[in-house]
Number of protein chains: 2
Amino acid sequence: MVTYLRRMDDDRVFKALADPTRRFLLDLLFARDGRTLSELESAVEMTRYGVMKHLRVLEDAGLVVTRRSGREKFHFLNPVPIREVHDRWIDKYTERQVTALMNLKKELESDHDQH
Amino acid sequence: MVTYLRRMDDDRVFKALADPTRRFLLDLLFARDGRTLSELESAVEMTRYGVMKHLRVLEDAGLVVTRRSGREKFHFLNPVPIREVHDRWIDKYTERQVTALMNLKKELESDHDQH
DNA sequence: AAGATAGGTGACCATATGGTCACATGTCAA
DNA sequence: TTGACATGTGACCATATGGTCACCTATCTT
């Protein structure tokens, strides 16, 4: 349907990052890796089930990887997807920042048309 | 409620980037600035109203700025919010040991390449 | 003035999303 | 082996989101 959606992985990563709770969970794991679900649950005002769903989304996006040991499941941060999205999507917007901004200011200030 | 949501602007930017159509619109504006709604509409398989809603979201997030001239409205890309999100959020995840991690990932995924 | 063009608004609908609960499985510790 | 602990599943609900439509205003052209 949407032919311009070429990278489903990108979409999963962007959608995973769209929720503030999930970004906060990533922040927690960034501060310290290898936390269990229970530990993460205690850091958020939300039931265990909500946290589970969020962790599932993060895991599907590849942003979090897990390791099971006994009855516990440890969660680790995986920055690779963010890095990849950054490299092939965000970089191009930030690299020409200065030039684009200067052009934009010129556009807004003068009534010069671009055509 | 969510005390860890300190930056509403971040949230708006992330949510704006979460939709593939909106990312495509940004790509269009990245390729060439100053397009009208009608021009953007013709590039997407969607009615004008859907495009309007998406542009509104992008504008609220600060990712797109507009200039009205007569009956036309021109849309310009503003990379500053992406730059800010990148600087204060993505950088910390990517700068750490990403290179080593990516190498490790490649080693794990294709150990036949190694020895 | 009349018609075409560009854009805007509010209602509306289907689906996606965030979150909870009852219940269930597997694991550790005494 | 009993009970507490850690995690998992499916149903369920309220709201957010993506998208369309009828209708509307403003501007340009002839």
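Here is how names work: the chains are called A, B, and so on, in the same order as the sequence lines, proteins then strands, and each is numbered from 1. All figures in this text were calculated on a predicted structure; none of them were measured in a lab.
- Nucleotide C:dA16 holds its C1' atom 13 Å from the NZ atom of B:K15, rounded to whole Å.
- For the side chain to side chain contact (heavy atoms under 4.5 Å, CB included) with A:L17, the qualifying choice from A:L63, A:V85, A:V57 is A:L63, the only one to do so.
- In this structure, B:R48 contributes its side chain and B:S38 its backbone to no donor-acceptor pair below 3.5 Å.
- A donor-acceptor pair is defined here as one N or O able to donate and one able to accept, closer than 3.5 Å; such a pair exists between the side chain of A:R22 and the backbone of A:A16.
- Distance CG (B:L37) to C1' (C:dG8): 10 Å, rounded to an integer number of Å.
- Scanning residues 51-60 of chain B for heavy-atom distances under 4.0 Å to DNA chain D yields B:K53, B:H54.
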Per-nt protein contacts along nucleotides 25-30 of chain C (heavy atom under 4.0 Å; B base, S backbone sugar-phosphate only, - none) come out as -BBS--

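- Between B:S38 and C:dG7 there is a side-chain polar atom (N or O) within less than 4.0 angstrom of OP1 or OP2.
- Whole-Å rounding puts the A:R22 CZ to C:dG18 P distance at 4 Å.
- Remark: side-chain polar atoms of B:N78 are paired, donor with acceptor, to backbone N or O of B:G62 under 3.5 angstrom.
- Side chains of B:T47 and B:E41: no donor on one and acceptor on the other come within 3.5 Å.
- You won't find any donor-acceptor pair under 3.5 Å spanning the side chain of A:R48 and the base of C:dG19, going by distance alone.
- For A:R32, the side-chain hydrogen bond (donor to acceptor under 3.5 Å, both in side chains) criterion is met by A:E39, not counting sequence neighbours.
- With rounding to whole Å, B:Y49 atom OH is found 10 Å from D:dC24 atom C1'.
- Of the charged side-chain nitrogens involved, at least one lies within less than 4.0 Å of a carboxylate oxygen, so that B:D11 and B:K15 count as a salt-bridged pair.
- B:H75 places no side-chain N or O within 3.5 Å of a backbone atom of B:T36 that could act as its donor or acceptor partner.
- In this structure, B:M46 places its CE atom 15 Å from C1' of C:dA14, rounding to the nearest Å.
- Whole-Å rounding puts the B:E72 CD to C:dA6 P distance at 6 Å.
- Contact check on B:R56 versus B:D60 returns a salt bridge, with a Lys/Arg side-chain nitrogen under 4.0 Å from an Asp/Glu carboxylate oxygen.
- When each of A:G50 and B:T36 is assigned the nucleotide of DNA chain C bearing its nearest heavy atom, the one mapping closer to the 5' terminus is B:T36.
- In this structure, A:T47 reaches the C:dT20 phosphate: one of its side-chain N or O atoms is under 4.0 Å from OP1 or OP2.
- Atoms CG (B:L40) and P (D:dG19) sit 15 Å apart, rounded to a whole Å.
- When the C1' atom of D:dT17 is taken as reference, atom CG of A:D19 falls 14 Å away, rounded to whole Å.
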